[in-house]
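Remarks on the structure that follows.
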Amino acid sequence: MRFYNTLTRRLEEFRPIAEGRVGLYTCGPTVYDFPHIGNYRSYLFEDLVKRFLAFLGLRVTHVMNITDIDDKTIRKASELQVPLAEVTRKYIDAFHADLRALNALPADHYPRATEHIAEMQALIARLLEQGFAYEKDGSVYFRIERFPEYGRLANLDKGSLKIGAAVDADEYEKEAVQDFVLWKGKKPGEPSWPAPFGEGRPGWHIECSAMSMKYLGPHFDIHMGGVDNIFPHHENEIAQSQCANGVTFVNYWLHCQHLIVDGQKMSKSLGNFYTLGDLLSKGYAPMAVRYLLISSHYRKLLNFTLEGLEMAGQALARVKNFAFSLRNVEGEGDADPELAAALDKALAAFRDQLADDFNVSGALGAMFDLIAEVNPRLSALTRADAAAALAWLERINSVLGVLEPDERTALDAEIEARIALREKARREKDYARADEIRAELRRQGIALIDTPSGVKWKRE
RNA sequence: GGCGGCGUAGCCAAGUGGUAAGGCAGCGCUCUGCAAAAGCGCUAUUCAUCGGUUCAAAUCCGGUCGCCGCCUCCA
């Protein structure tokens with residue numbers, strides 16, 4: 001498989017450092033508020049990459065950090081007059097709940113910044129010892145002059161970095177304006193930790209260097225994040241990590257493009273700012289959100305609209321209907337080798353599309369082609385055929401993650417009873433009564449499908 | 001000022017040299033008590049635009065128009 005490496009600005013064949021294994025680090029949330037759907041575009045793309053690596057038989061170790069100490073979390077806690085941990089706990093829980101709703105597979109580790117202060121301090125101490133960092137008025141800064149490769153990831157020339165806006169109240173005494181803070185000296189009213197270089201708290205960038213190193217080692221395979229992370233965050237991570245360890249930090253950098261909403265950058269003032277909760281409360285299904293967010297190419301701007309979300313829901317319904325039809329196949333007999341061959345071919349096409357820089361649109365095309373090929377033959381399929389096709393769909397869905405298991409619950413008996421009543425009404429040609437029962441069930445999210453072999457039902 | 005991206009049917013979206021995938025929506029028909037689902041058929045001589053290279057271009061090169069991102073906290 002190959003994909004676009006931000007570092008080299010080229011499509012590259014992926015070769016893991018260790019045969020059959022992948023170390024994956026993805027920048028997680030800063031937990032000061034509910035994440036918005038733009039955040040989830042990135043997280044779901046990361047989930048797709050992870051699922052596809054697993055699909056190819058690779059064993060992935062996935063680390064996603066949680067930034068629970070920074071300017072914004074501190075500000076929020078101070079505004080609400082509650083302890084920092086209370087604020088971060090709330091949004092960490094919300095984040096995990098959203099990820100579950102969106103069917104993202106959990107990471108192996110979710111390290112929190114506040115639980116890795118010692119590791120960050122040790123890293124800063126090493127940078128100080130080697131002269132890559134310096135102390136100034138209780139804070140510690142990284143000296144970018146000491147890292148000639150600085151700017152390579154972002155394709156920026158060190159000398160041409162626009163200066164001025166970067167100077168904020170925190171960072172007044174730096175040797176060079178472009179130098180970035182590793183450790184912020186204590187300020188009144190802010191959480192702080194004692195350190196050899198003075199009491200204070202970590203800067204943002206050092207967190208990811210320290211935690212990725214701890215869980216994945218000094219050199220690992222893939223680092224992901226949103227495009228906004230390229231500069232300065234990831235650039236700074238490279239500088240810190242490579243200067244401290246003297247080895248290449250990451251082999252492949254993968255960045256997900258942002259989404260816009262109704263053609264404009266999402267912002268609260270424009271009223272086009274959505275959290276997952278906003279969409280669910282409007283009645284949209286989380287799987288439709290997932291489908292939409294993963295369905296277009298990750299390096300292209302995605303224009304999110306409610307109309308697009310509805311279309312995604314409809315497209316997904318086509319896949320669900322296919323699965324539904326397969327589950328209701330009742331033909332007896334042997335499996336058709338031609339069908340098996342078609343399934344193999346379609347799966348290979350699906351895989352090839354994803355292996356080419358994660359072309360999800362192309363992969364979906366391969367899936368729908370197969371569905372269109374099998375649908376006309378549904379009535380001629382045997383149970384063995386249907387089982388093969390369902391196994392195929394399950395394999396596809398192990399990557400896409402857009403289908404939920406067909407859940408049958410205790411309510412089933414009641415539903416079956418209602419259906420029996422409707423059947424009785426139909427036999428008596430009391431269609432008004434029959435339609436009334438169907439409409440009632442519909443309101444409960446149960447759709448009825450009359451087929452030659454009886455009534456089938458499903459949840460919508 | 002520097003770096004970079006995008007413009008394909010009503011909508012979404014693949015395709016980066018060999019003659020326009022796929023999805024949604026729409027229309028007609030089949031099936032059905034009616035629906036739903038499914039099926040069949042129809043729906044871009046054309047890829048912002050102008051010019052060039054080539055036997056061949058949506059794909060390569062150049063110009064023009066339009067839209068957007070980053071260089072600063074941000075997925």
Side-chain angles (χ1 to χ4, degrees), chain A residues 9 26-30 32 35-46 70-72 75 151 154-157 159-168 178 204 224-233 235 255-260 263-267 291-293 295-297 299-305 307-322 324-325 328 349 353 356 359-372 374-379 425-427 429-432 434-435 438-439 442 447-452 455-458 460:
Chain A
R9 274 161 266 129
T26 63
C27 280
T30 300
Y32 69 103
H36 56 252
I37 50 170
N39 298 92
Y40 288 120
R41 182 189 189 192
S42 288
Y43 299 138
L44 289 179
F45 172 58
E46 290 159 2
D70 83 316
D71 294 353
K72 280 176 293 198
R75 194 188 318 133
N155 196 25
L156 293 170
D157 178 42
S160 75
L161 287 177
K162 202 169 168 182
I163 56 172
V167 185
D168 71 31
Q178 301 94 329
W204 175 38
M224 299 181 68
V227 286
D228 54 282
N229 283 147
I230 296 172
F231 192 90
H233 185 52
E235 194 70 62
H255 292 100
C256 185
Q257 182 55 264
H258 283 182
L259 68 71
I260 55 176
Q264 287 180 291
K265 188 163 177 167
M266 179 166 41
S267 78
Y291 184 99
L292 177 61
L293 292 181
S295 61
S296 65
H297 194 87
R299 285 193 286 125
K300 279 194 171 178
L301 209 57
L302 167 66
N303 184 19
F304 181 94
T305 62
E307 190 196 357
L309 185 52
E310 269 157 38
M311 292 195 303
Q314 286 305 113
L316 188 51
R318 184 167 164 85
V319 186
K320 285 155 81 172
N321 285 330
F322 180 61
F324 175 78
S325 302
N328 288 299
Q353 289 294 331
D356 185 12
N359 187 347
V360 179
S361 305
L364 289 172
M367 175 183 74
F368 282 115
D369 281 343
L370 186 283
I371 291 176
V374 174
N375 262 332
R377 301 166 48 194
L378 275 172
S379 60
R426 286 179 78 200
R427 278 193 304 276
K429 301 251 191 285
D430 183 359
Y431 294 121
D435 289 354
R438 183 168 64 188
R442 179 109 218 162
L448 300 191
I449 295 97
D450 296 332
T451 75
V455 188
K456 310 291 185 192
W457 66 273
K458 63 181 175 180
E460 296 272 270

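We name chains A, B, ... by the order of the sequence lines, and we start the count at 1 in each one.
In this view, A/T305 and A/D262, A/N303, A/E307 satisfy the side chain to side chain contact (heavy atoms under 4.5 Å, CB included) rule, not counting sequence neighbours. With sequence neighbours excluded, no residue forms a ring-ring contact (aromatic ring centres under 6.0 Å, His included) with A/Y291. Taking the side chain to side chain contact (heavy atoms under 4.5 Å, CB included) definition, one finds that A/D435 meets it with A/R438, sequence neighbours left out. Among residues two or more places apart in sequence or in another chain, the ring-ring contact (aromatic ring centres under 6.0 Å, His included) test is passed with A/H233 by A/W204, A/H205. A/F304 pairs by the ring-ring contact (aromatic ring centres under 6.0 Å, His included) definition with A/Y274, not counting sequence neighbours. With sequence neighbours left out, the side chain to side chain contact (heavy atoms under 4.5 Å, CB included) criterion links A/D430 to A/A425, A/A432, A/R433. Applying the side chain to side chain contact (heavy atoms under 4.5 Å, CB included) rule to A/D369 yields no partners; only residues at least two apart in sequence or on another chain are considered. Here A/R318 pairs with nothing under the side-chain hydrogen bond (donor to acceptor under 3.5 Å, both in side chains) rule; sequence neighbours left out. By the salt bridge (Lys or Arg N to Asp or Glu O under 4.0 Å) test, A/R75 is found to be paired with no residue, residues two or more places apart in sequence or in another chain being considered.
In this structure, A/Y43 and A/C256 have side chains that are not in contact, with every pair of non-hydrogen atoms separated by 4.5 Å or more.
Taking atom C1' in both B/rU46 and B/rA21, one finds a spacing of 15 Å when rounded to whole Å. The same atom, C1', is picked in B/rG7 and in B/rA75; the two are 25 Å apart, to the nearest Å. Of the P atoms belonging to B/rU45 and B/rG10, the separation is 9 Å, rounded to the nearest Å. B/rG4 and B/rU16 have their P atoms separated by 22 Å, given to the nearest Å. Nucleotides B/rG62 and B/rU53 place their C1' atoms 11 Å apart, quoted to the nearest Å. B/rU30 and B/rA9 have their C1' atoms separated by 27 Å, given to the nearest Å. Between B/rU54 and B/rC42, the distance separating the two C1' atoms is 36 Å to the nearest Å. Here, B/rC61 and B/rC73 have their P atoms 35 Å apart, quoted to the whole Å.
Following rounding to the nearest Å, A/K456 (NZ) and B/rA37 (P) show an atom-to-atom distance of 17 Å. The CG atom of A/L259 sits 12 Å away from the P atom of B/rA13 (whole-angstrom rounding). When the P atom of B/rU72 is taken as reference, atom NZ of A/K72 falls 15 Å away, rounded to whole Å. Atom C1' of nucleotide B/rA75 and atom CG of A/L44 are separated by 11 Å, given to the nearest angstrom. The NE2 atom of A/H255 sits 13 Å away from the P atom of B/rC71 (whole-angstrom rounding). In this entry the distance linking CG of A/N303 with P of B/rU8 reads 12 Å, nearest Å. Following rounding to the nearest Å, A/F304 (CZ) and B/rC12 (P) show an atom-to-atom distance of 14 Å. In this structure, A/L302 places its CG atom 10 Å from P of B/rA14, rounding to the nearest Å.
Between A/N359 and the phosphate of B/rG15, there is a side-chain N or O to OP1/OP2 separation shorter than 4.0 Å. Under 4.0 angstrom from either OP1 or OP2 of B/rA14 there lies at least one side-chain N or O belonging to A/K300. OP1 or OP2 of B/rG39 sits under 4.0 Å from a side-chain N or O of A/N375.
Nearest heavy atom pair, residue A/L302 against residue A/S296, reads CD1-OG, 3.4 Å.
Looking at A/E46, A/H36, A/Q257 one by one, the single match for side chain to side chain contact (heavy atoms under 4.5 Å, CB included) with A/R41 turns out to be A/Q257.
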For nucleotides 66-70 of chain B, give me every protein contact, N/O to N/O, under 3.5 Å, one pair per line with atom names.
| from | atom 1 | to | atom 2 | distance (Å) |
| --- | --- | --- | --- | --- |
| B/rC70 | OP1 | A/K265 | NZ | 3.0 |

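Checked by atom type, the side-chain pair A/D228/A/H258 shows a donor-acceptor distance below 3.5 Å.
Within 4.0 Å of A/G38, counting heavy atoms only, lies at least one base atom of the nucleic acid. At the heavy-atom level, A/Y40 lies nowhere under 4.0 Å from the strands shown.
Stretches of at least 3 consecutive Watson-Crick or G-U wobble pairs, with each checked distance under 3.5 Å, appear in RNA chain B as B:1-7 with B:65-71, B:10-12 with B:22-24, B:26-30 with B:38-42, B:48-52 with B:60-64.
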Contact state string [nucleotides 19-33 of chain B, B base, S sugar-phosphate only, - no protein heavy atom under 4.0 Å]
--BSBBS-------B

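Summary of the strand contacts: A/A447 and A/E307 both lie near RNA chain B, and taking for each the nucleotide with the nearest heavy atom, the more 5' one is attributed to A/E307.
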